[in-house]
Each structure stands twice: as structure tokens, then as C-alpha cells.
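Structure record follows, encoded as C-alpha cells.
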Amino acid sequence: MSPASKSQVHMKSAPSCAPETYAEIARILYAKTGINLPADNGSLVVSRLVKHLRALNLSDFESYLRWVGQPEHSEDLNTMISSLTTNTTRFYREPYHFDIFVEQQLPELMRKAKNGERIRLWSAGCSSGEEPYSLAATLLYHWPDVANYDVRILATDICAPALQTAESGRYPKGRLDAVPEPIRKLMLAEAHENDEMFTMPQAVRQLITVRYLNFMEPWPTKGPFQTIFCRNVAIYMDDKVQLTIWSGLIDLLPPQGLLFIGHSERLPPSQTDRVKLIDRTTFRRG
Ligand SMILES: C[S@@+](CC[C@H](N)C(=O)[O-])C[C@H]1O[C@@H](n2cnc3c(N)ncnc32)[C@H](O)[C@@H]1O
């Protein structure tokens, strides 16, 4: 047998995803998460789901769809949904937001906390945790005795593997390249010199609570949150779902609370009267 034909025997080609199967997967994803997949992008579904399909020993996407549709396979349905979410994130992504937070809000939060007020920050759609840890480390750097006050960061997402990473607080050191030096140093305070991975220091981790929260289900929080980061989440949703997210988040902001959104996101016209744009993609509730 020639090498080429040998490899043909061993390489299983990925099954294709018929347009109607893709449409049904997209419909389920939208109903569960509000994520709007681009029309007719079967190759995305194949690349994201083929590993799961194979692990289940199924041969095609029609059988896969039937499988995840059975009530006893709800865990597999969750895996399908997690596999279709886009979890791209970075420490200190859109770094100007952290400067705006420090310069335009932190002094007021410190004053309020010292007066005994409860301070809550929310990283909504936190993916694997780089955003809430960037916020927590920034807080701790500028406010070393923050632990003496009632200050916490809620970090939420729907993707179970991403939430597990966020909960572990463990990352490759290489992911810290874009982090400002003093914050990087703080994040590495408990790292072992020769390890490629590090765990966030306890003082940073204890500021964060990691939870599952799906914007398409009732939100198990009443707020208020003085600071909300919801960045690069709504970008995957249509106008209707975006309105649910933005109006729900603004409802949870107290007067003077800040909402930080992704650099390519926009608030819908019905919400722009409720907040004031104070800086790049940063809004203050009046
Ligand atoms: C691209 S990441 C953004 C992470 C981070 N905010 C950032 O800007 O780097 C988008 C996150 O939104 C989450 N997401 C998608 N649909 C959601 C929903 N319905 N409710 C809550 N989170 C959702 C995804 O699981 C994903 O982790």
C-alpha cells in the first residue's frame, strides 16, 4: 500500500453538516443563549463540534442532533452549546477601560466603602476569567487593604470549561505579556519561578465569585453593581437580545455606576438616554 493510500485509510474525514441540520443547531443555540450564528456557516459547526460528535461515537450531524435533543443527554447539549460560544479573551483587553476605572471611579468607590457601603463589580460574560482577574488585580494594586471592606467582583458566564478555568485562577505566564508591569508582578506574587503556569494570588482570588449566569434565563442577581464590564458578548447577539442585555444591565447600575462595553459595541437608541457616554465605550448612569 502506498503511503498516501495508507493515510487515507487512517484519516477519518469530518462529516459535513447539511444546511437544514446547521439551521436547527443555530436555532437551538439562539433559543438557549441568544447567540446568532451567521447564516449557512456549516464549516464552523463542523470544526467546533466534530470532536464531541466523535467522542459520542456518532457518525453524522443528524444523529448528533437527535442525541443532544434527548432529555437524558442534557449534559451533551450543554457541551454543544459551550463548544459554539466564542471565548476569546485576554488579560487587560482594551486596557483604557482599566485606566478609566482607576481615574474616574475608584476614588469614589473607596470613599463609599470606607463609609460602610457595599461595593459590587460585575464581569458579565467573563469567559475564562482574564477580565475579572485584571479588574481584581487593578483594585488590589491601587487599594492594598481592599479586603478590609465589603468589595466583591461577580464573574459570570455560560461556558462550563471557561468557568472552570476562571474558578481555578490558573493560567500560562505567557498570557501576561500585555499586562502593565506592576500588575503583572502582583499577579505573579505566588508563582514558582520555573513553572510555565501560575495561580493568581489568594488576595486577588478572594475578591472574585465565579458563577454560571445566562442572559437568556432569569438573572439570579438584584444588584446594584457600581461597575459592570460586559464586553464583547452582545456583539454575537441580534438587536432584540442586545436590548434585553443592555437594558437589564443598566437597570442594575445605581446612579453614577459605570458600564464598560466592547470597542465595537453600541447601546441601542432606547438606552442612550438612561446613561451618559463619559469616555471610550464607557457609560455613566445619571
Ligand atoms: C468573547 S467572550 C468575552 C470575554 C470578555 N468579556 C472579554 O471581553 O475579553 C464572550 C463570552 O460571552 C459568553 N456568553 C455568550 N452567550 C452568553 C449568554 N447568553 N449569557 C452569558 N454569557 C454568554 C460566552 O460564553 C463567552 O465566554
Side-chain angles (χ1 to χ4, degrees), residues 25-38 44-45 48-49 52 77-101 121-138 153-169 171 175-179 183 208-221 223 225 227-249 251-252 258-266 280-283:
I25 291 174
R27 189 197 63 73
I28 296 170
L29 183 71
Y30 179 78
K32 296 271 179 201
T33 68
I35 295 170
N36 211 5
L37 286 184
L44 175 122
V45 160
R48 299 266 185 103
L49 298 182
H52 187 211
L77 178 63
N78 290 341
T79 303
M80 176 183 108
I81 287 166
S82 289
S83 308
L84 292 171
T85 58
T86 299
N87 306 117
T88 311
T89 189
R90 291 187 296 283
F91 289 108
Y92 264 77
R93 187 180 197 180
E94 299 170 40
Y96 45 86
H97 279 160
F98 299 91
D99 296 337
I100 296 169
F101 170 71
L121 303 88
W122 185 9
S123 167
C126 67
S127 188
S128 36
E130 285 82 341
E131 181 179 272
Y133 283 109
S134 299
L135 198 50
T138 302
I153 299 169
L154 175 65
T156 64
D157 205 279
I158 53 168
C159 177
L163 286 171
Q164 267 169 24
T165 303
E167 187 71 66
S168 74
Y171 302 93
R175 292 193 54 94
L176 294 178
D177 289 349
V179 175
I183 306 281
I208 299 178
T209 306
V210 178
R211 290 279 180 274
Y212 170 92
L213 187 148
N214 185 344
F215 286 130
M216 298 298 281
E217 296 168 2
W219 300 7
T221 175
F225 293 95
T227 310
I228 300 178
F229 275 60
C230 185
R231 309 184 307 165
N232 311 299
V233 180
I235 195 171
Y236 300 102
M237 320 297 195
D238 64 10
D239 290 351
K240 185 172 156 225
V241 177
Q242 287 203 19
L243 180 60
T244 308
I245 296 176
W246 296 131
S247 64
L249 293 177
D251 286 347
L252 296 179
L258 294 192
L259 171 65
F260 296 87
I261 75 173
H263 69 101
S264 53
E265 295 169 327
R266 299 285 169 269
R280 282 170 79 178
T281 50
T282 306
F283 297 85

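We count ligands from 1, going down the list as the structure has it; atoms in each ligand are counted the same way. In this text the structure is predicted, and so the values were computed from the model without any measurement.
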Show me a pair-per-line table, with atom names and distances to 0.1 Å, of protein N or O atoms that are under 3.5 Å from an N or O of ligand 1.
{"from": "ligand 1", "atom 1": "6 (N)", "to": "Gly125", "atom 2": "O", "distance (Å)": "2.8"}
{"from": "ligand 1", "atom 1": "6 (N)", "to": "Glu131", "atom 2": "OE1", "distance (Å)": "3.1"}
{"from": "ligand 1", "atom 1": "6 (N)", "to": "Arg231", "atom 2": "O", "distance (Å)": "2.9"}
{"from": "ligand 1", "atom 1": "8 (O)", "to": "Arg93", "atom 2": "NH1", "distance (Å)": "3.1"}
{"from": "ligand 1", "atom 1": "8 (O)", "to": "Arg231", "atom 2": "O", "distance (Å)": "3.0"}
{"from": "ligand 1", "atom 1": "8 (O)", "to": "Asn232", "atom 2": "ND2", "distance (Å)": "2.8"}
{"from": "ligand 1", "atom 1": "9 (O)", "to": "Thr89", "atom 2": "OG1", "distance (Å)": "2.5"}
{"from": "ligand 1", "atom 1": "9 (O)", "to": "Arg93", "atom 2": "NH1", "distance (Å)": "2.8"}
{"from": "ligand 1", "atom 1": "19 (N)", "to": "Thr33", "atom 2": "O", "distance (Å)": "2.8"}
{"from": "ligand 1", "atom 1": "19 (N)", "to": "Asn214", "atom 2": "OD1", "distance (Å)": "2.9"}
{"from": "ligand 1", "atom 1": "20 (N)", "to": "Phe215", "atom 2": "N", "distance (Å)": "3.0"}
{"from": "ligand 1", "atom 1": "25 (O)", "to": "Asn87", "atom 2": "ND2", "distance (Å)": "3.4"}
{"from": "ligand 1", "atom 1": "25 (O)", "to": "Asp157", "atom 2": "OD1", "distance (Å)": "2.6"}
{"from": "ligand 1", "atom 1": "27 (O)", "to": "Asn87", "atom 2": "ND2", "distance (Å)": "2.9"}
{"from": "ligand 1", "atom 1": "27 (O)", "to": "Asp157", "atom 2": "OD1", "distance (Å)": "3.3"}
{"from": "ligand 1", "atom 1": "27 (O)", "to": "Asp157", "atom 2": "OD2", "distance (Å)": "2.7"}

Within the supplied structure, the quantity of interest is the number of heavy atoms (other residues, nucleotides, ligands) at a distance under 6.0 Å from Asp239 CG; does it exceed 12?
no

Using modelled atom types only, decide if a donor and an acceptor are shared between the side chain of Ser168 and the backbone of Thr165 within a distance under 3.5 Å.
yes

What residues form a ring pair (Phe, Tyr, Trp, His ring centres under 6.0 Å) with Trp122, not counting sequence neighbours?
Trp219, Phe225

Does a donor on one side chain and an acceptor on the other come within less than 3.5 Å for Thr138 and Tyr92?
yes

Return the SG to CD1 distance between Cys230 and Ile235, rounded to the nearest 0.5 Å.
11.5 Å

Classify the ring geometry of Phe98 against Phe229: parallel below 30°, tilted from 30° to 60°, perpendicular beyond 60°.
tilted

